[in-house]
There are 4 protein chains.
Amino acid sequence: MKIDINSDLGEDFGRYKLKIDENIFKIISSANVACGFHAGDPNVMNDIVLKLGKRNTKIGAHPGFNDLEGFGRRKISLTKNDIKNLMIYQLGALDGFLRINDLEMQHVKPHGALYNLAQTDREVAEAVLDSVYLYNKELIVLGLPNSQISVVSGKRGVRFANEVFADRAYDDHGFLVSRRIKGSVIKDKDLCRERVLEMVLNRRVKSIDGKYIKIEPQSVCIHGDNENSLEIAKEIYEALGENDVEISPLIEICR
Amino acid sequence: MKIDINSDLGEDFGRYKLKIDENIFKIISSANVACGFHAGDPNVMNDIVLKLGKRNTKIGAHPGFNDLEGFGRRKISLTKNDIKNLMIYQLGALDGFLRINDLEMQHVKPHGALYNLAQTDREVAEAVLDSVYLYNKELIVLGLPNSQISVVSGKRGVRFANEVFADRAYDDHGFLVSRRIKGSVIKDKDLCRERVLEMVLNRRVKSIDGKYIKIEPQSVCIHGDNENSLEIAKEIYEALGENDVEISPLIEICR
Amino acid sequence: MKIDINSDLGEDFGRYKLKIDENIFKIISSANVACGFHAGDPNVMNDIVLKLGKRNTKIGAHPGFNDLEGFGRRKISLTKNDIKNLMIYQLGALDGFLRINDLEMQHVKPHGALYNLAQTDREVAEAVLDSVYLYNKELIVLGLPNSQISVVSGKRGVRFANEVFADRAYDDHGFLVSRRIKGSVIKDKDLCRERVLEMVLNRRVKSIDGKYIKIEPQSVCIHGDNENSLEIAKEIYEALGENDVEISPLIEICR
Amino acid sequence: MKIDINSDLGEDFGRYKLKIDENIFKIISSANVACGFHAGDPNVMNDIVLKLGKRNTKIGAHPGFNDLEGFGRRKISLTKNDIKNLMIYQLGALDGFLRINDLEMQHVKPHGALYNLAQTDREVAEAVLDSVYLYNKELIVLGLPNSQISVVSGKRGVRFANEVFADRAYDDHGFLVSRRIKGSVIKDKDLCRERVLEMVLNRRVKSIDGKYIKIEPQSVCIHGDNENSLEIAKEIYEALGENDVEISPLIEICR
């Protein structure tokens with residue numbers, strides 16, 4: 001059994017550095033690299049690509065809205081054409097840095113508000129998927145199972161991988177429970193460990209209402225920008241190892 | 001005999017449109033496309049690449065400083081590493097749009113203050129050339145003959161093409177006379193015509209002090225953003241045709 | 001009888017100039033000046049304030065979303081606090097240029113998507129009004145009659161002026177008919193003339209369904225960025241003059 | 001005897017936070033607040049002004065080049081008019097937040113490359129001073145003694161205050177020794193303490209070559225963004241207290 005672990009990286013900007021624990025580099029098999037719109041700048045992108053390349057961590061694009069002030073987390077009402085072009089621009093820009101390091105882009109994971117909209121808004125999902133497909137048919141798109149982008153990817157023939165969260169509650173439809181709802185974020189690391197194992201080994205997760213939901217994870221998303229997240233990440237990493245689940249990049253999982 | 005004619009295009013931004021005479025598209029063989037830093041945005045880039053692709057006009061990158069307010073015309077004190085990375089980012093971004101249209105980048109012409117610095121400042125010239133070479137050894141860099149970037153390109157093994165201006169005076173060293181000096185800009189279109197023919201057919205130009213200077217033009221730069229420039233451009237285009245000089249993209253000239 | 005005529009100005013940016021017919025300066029009594037977020041930059045703001053000051057045209061702030069690429073026309077999901085602070089920042093910045101010219105700000109008219117949201121979204125209306133009131137209780141806010149911002153301004157004690165459009169259809173509730181609906185934009189200048197006179201002299205307008213609606217205009221909005229708009233503006237200006245309606249700035253109307 | 005202690009604050013942006021030790025708020029009497037160009041955004045500005053206002057810390061503007069990516073530390077070749085307008089815009093924007101808190105601007109300290117250029121380049125010094133004077137004759141400009149901006153302020157009648165650095169070496173002319181030179185930055189906090197006392201009590205400082213230089217400090221600049229700086233700041237603060245030097249805002253020193 002294999003699973004990918006992905007994380008967002010390269011989200012510094014100019015003098016501003018997000019505190020990322022270096023240990024995250026040992027845990028992940030795929031990195032989502034910011035492309036200069038919601039975060040990242042050419043120097044930051046160059047440095048993170050170099051670093052990931054040396055570790056053989058697979059690299060994906062993490063394109064977002066052009067909104068550094070809002071860190072790409074605010075919805076902006078764009079047309080499908082706007083979205084397509086902002087995707088192509090950012091994929092191309094990241095590919096510049098991959099090219100000079102003889103590396104290949106593995107996947108695409110939209111960021112923040114663009115990610116969220118792609119899960120629920122069919123137009124946005126189509127714009128994202130069409131741009132990825134147009135750019136490179138081999139690219140794998142990361143998203144939530146049962147989402148608009150998941151459904152549309154099937155119709156469009158775009159390679160898609162389900163990502164799951166150790167620390168987030170799911171509802172009976174397999175959707176993430178909104179962060180505004182009590183119990184939506186799980187902070188206990190033992191519980192996170194248990195849930196990930198349940199998802200990866202048994203292909204199911206217990207919903208917030210206590211029902212088992214089928215889930216087919218290809219990647220687990222982790223964060224390295226606060227201590228608790230990294231603790232959970234380490235816990236998951238070890239638990240998977242102890243259960244003979246191999247941490248492998250998406251490319252080896254989505255064949 | 002062959003010569004390339006190049007012009008800067010795709011320099012709109014959002015709602016802002018520079019008035020470009022459509023006739024320029026019939027005249028040029030190579031287009032320098034803005035990459036979103038000094039001008040251009042993803043939508044603008046997509047549209048101009050599509051338009052140029054349909055006409056079979058060869059496309060080059062026109063990267064500049066990240067200064068939309070100053071249209072890339074203000075010097076910014078960057079390190080060599082900063083320049084390298086802003087080049088890679090912009091080349092990559094433009095390549096995104098070329099890729100989805102099955103087109104290939106032909107050349108690179110830095111814009112505005114970056115162009116000017118690369119002619120006179122060895123460090124900047126090296127940073128520009130090294131980034132282009134790193135990105136793609138086949139790319140041709142456009143610049144002034146006798147400039148720093150011209151000299152360094154020879155040492156670095158980067159493909160380089162001399163561009164000349166019909167409407168600018170040259171000094172005895174073959175450098176452009178500063179715009180601040182009287183007589184540096186030639187407005188008479190007959191004189192422009194005559195000078196271009198002299199440069200292209202006889203490989204020489206008369207300096208502002210009356211001396212003949214050797215020059216080896218591979219490309220003539222024209223502008224389509226004011227009426228007079230376009231008049232001169234048409235004049236040159238016709239004059240070259242009448243003298244059996246074939247307008248050909250750089251790729252066919254710099255073999 | 002008096003009426004104000006307002007128009008958006010100072011929406012150039014860097015090298016980019018919107019073509020504005022100079023005749024508009026003779027027609028308007030109040031100008032809405034862009035504040036550097038959706039359009040305008042410090043140089044542009046300085047120049048337009050100087051020009052308006054010389055003509056004694058009253059000046060208002062025209063704050064918008066921080067989205068030059070979208071010209072402030074795309075909705076961005078901001079919190080009330082975000083909106084308050086972006087308003088204060090932009091009002092302050094414009095006031096810098098007024099201060100050095102011994103001029104006073106007369107009014108505030110939000111731009112584009114911010115304007116539209118303030119008409120329909122109570123939260124946005126409150127954020128806009130509260131920030132204006134906090135900044136300067138004397139300022140008059142321009143908006144649509146019967147809108148959220150109009151209703152809330154009454155409750156909040158913020159000075160408010162109704163603006164009307166000569167070239168836009170109204171529905172039976174006195175709201176503007178969406179531009180997407182056929183007949184929503186009136187292009188015939190005689191009809192525009194007639195409608196403005198009906199609104200200003202008789203305080204009513206015929207809805208798109210043929211019913212007369214009461215309306216209390218304090219300002220007519222005109223545009224100078226295309227030929228047809230300016231033609232309509234001139235027509236209105238003359239019609240008002242011929243009917244002894246005095247063109248006066250808001251400050252003389254909203255006492 | 002009185003001295004001001006100033007520090008740069010409000011230099012966060014969006015999600016990006018610079019780690020500032022809260023203790024700095026107890027030490028300083030004047031704060032230089034970023035105005036949204038090199039750092040700071042409307043939310044950040046609002047929050048820091050509120051916080052400083054509650055503590056009665058005097059507030060000054062800290063305007064910089066419009067270069068978030070370079071944190072305002074890269075030279076940009078602007079005209080005097082460009083500089084004047086970017087100053088007015090930023091002073092106005094900050095004043096918006098002061099106004100809604102019934103606070104008054106005390107001083108102006110240009111940031112980064114703009115600060116450095118104003119010390120050495122007469123044109124920049126004039127542009128900065130003229131804009132401040134135009135904006136508000138009462139404002140005090142902070143800069144280096146013996147610099148261009150210091151000399152020109154005398155001629156222009158602009159209020160000016162000398163700032164000194166505890167941790168920087170001076171040459172025989174009373175200029176700061178470049179950071180590139182060995183010994184230019186003093187890391188020993190006892191030595192910093194001793195030097196500040198020498199400057200404040202005895203109006204002199206020992207140059208890097210061992211000569212005593214006359215100096216007339218009105219403000220000591222400190223930094224709170226790294227541990228060592230804050231240690232030095234605390235040391236200085238205590239030393240001044242022990243020697244009966246009162247920490248007072250500029251407004252009470254430059255009468």
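Hydrogens, waters and symmetry mates play no part in the numbers below; they use all other heavy atoms, side chains included.
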Student: What part of D:L91 is in contact with chain C, defined as an atom under 4.5 angstrom from a non-hydrogen atom: side chain, backbone, both or neither?
Tutor: neither
Student: If we only count heavy atoms from C-beta on, is the C:L114 to C:L78 side-chain gap below 4.5 Å?
Tutor: no
Student: Taking the side chain as every heavy atom from C-beta outward, state whether D:P217 and D:I3 have any atom pair closer than 4.5 Å.
Tutor: yes
Student: Taking the side chain as every heavy atom from C-beta outward, state whether D:I28 and D:L9 have any pair of such atoms under 4.5 Å apart.
Tutor: yes
Student: Inter-chain polar pairs, chain C versus chain D: which donor-acceptor atoms lie under 3.5 Å apart?
Tutor:
{"residue": "C:C35", "atom": "O", "partner": "D:Y89", "partner atom": "OH", "Å": "2.7"}
{"residue": "C:N43", "atom": "OD1", "partner": "D:N85", "partner atom": "ND2", "Å": "2.8"}
{"residue": "C:N43", "atom": "ND2", "partner": "D:D82", "partner atom": "OD1", "Å": "2.7"}
{"residue": "C:N46", "atom": "OD1", "partner": "D:K84", "partner atom": "NZ", "Å": "3.2"}
{"residue": "C:D82", "atom": "OD1", "partner": "D:N43", "partner atom": "ND2", "Å": "2.7"}
{"residue": "C:K84", "atom": "NZ", "partner": "D:N46", "partner atom": "OD1", "Å": "3.2"}
{"residue": "C:N85", "atom": "ND2", "partner": "D:N43", "partner atom": "OD1", "Å": "2.8"}
{"residue": "C:Y89", "atom": "OH", "partner": "D:C35", "partner atom": "O", "Å": "2.7"}
{"residue": "C:R99", "atom": "NE", "partner": "D:Y135", "partner atom": "O", "Å": "2.7"}
{"residue": "C:Y135", "atom": "O", "partner": "D:R99", "partner atom": "NE", "Å": "2.7"}

Student: side-chain contact (heavy atoms from CB on, under 4.5 Å) with D:M105: which of D:L94, D:I140, D:I59?
Tutor: D:L94
Student: Check step by step if side-chain contact (heavy atoms from CB on, under 4.5 Å) holds for D:F97 and D:I48.
Tutor: CA-CA 10 Å; D:F97 296 99; D:I48 191 74; over 6 Å; no
Student: Tell me, for C:L134 versus chain D, whether the close heavy atoms (under 4.5 Å) come from the side chain, the backbone, both or neither.
Tutor: both
Student: With a 4.5 Å limit on heavy-atom distance, are the side chains of D:L144 and D:F165 in contact?
Tutor: yes
Student: Rounded to the nearest 0.5 Å, what separation is found between the CZ atom of D:F25 and the CD1 atom of D:I20?
Tutor: 7.5 Å
